[in-house]
Amino acid sequence: MIEDLDGYYDYLNHPAHIRLELEGIGYLARFEAFDITDSADPEIKAKIKQVQARHFAEHPEIAALVAQATSFTRPGSEDTTTPSS
């Protein structure tokens, strides 16, 4: 269980998670990310999106791999976009 957004950021940037993204994303036809939370914060979706955007900004090689997927669904969104939009 991840306790807060700092923990989520740490999870995204853990070396094992980075390795999984770098080695695994190329096998995906569709990249769909989702997060489940019990937070009562009405801004939690936006905050999660910020953490993900920061992750992609700090790891452009991962963002580039995700951008090559046929589709990418961002957490908290119905839109299918690229990670940089």
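Because only heavy atoms are used, hydrogens play no part in the values below, and waters and symmetry mates are left out as well, while side chains stay in. Worth saying up front: this structure is predicted, and the values here are computed from it rather than measured. In this chain, residues are counted from 1 in sequence order.
Taking both residues in full, the closest heavy atoms of Asp35 and Tyr8 are given as OD1-OH, 3.0 Å, listed atom of the first, atom of the second, then distance. Smallest separation of non-hydrogen atoms from Ile2 and Gly7: CG2-C, 3.4 Å.
Note: Leu65 CG to His59 NE2 = 12.5 Å, rounded to the nearest 0.5 Å. Here the straight-line distance linking atom CZ of Phe56 with atom CD of Glu61 works out to 11.0 Å at 0.5 Å rounding.
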Identify all side-chain donor-acceptor contacts of residues 19-26 below 3.5 Å with residues at least two apart in sequence or on another chain.
unit_1	atom_1	unit_2	atom_2	d
Glu21	OE1	His17	ND1	3.4
Glu21	OE1	His55	NE2	2.8
Glu21	OE2	His55	NE2	3.3

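In this view, Asp41 and Lys47 satisfy the salt bridge (charged side-chain N to carboxylate O under 4.0 Å, His left out) rule, not counting sequence neighbours.
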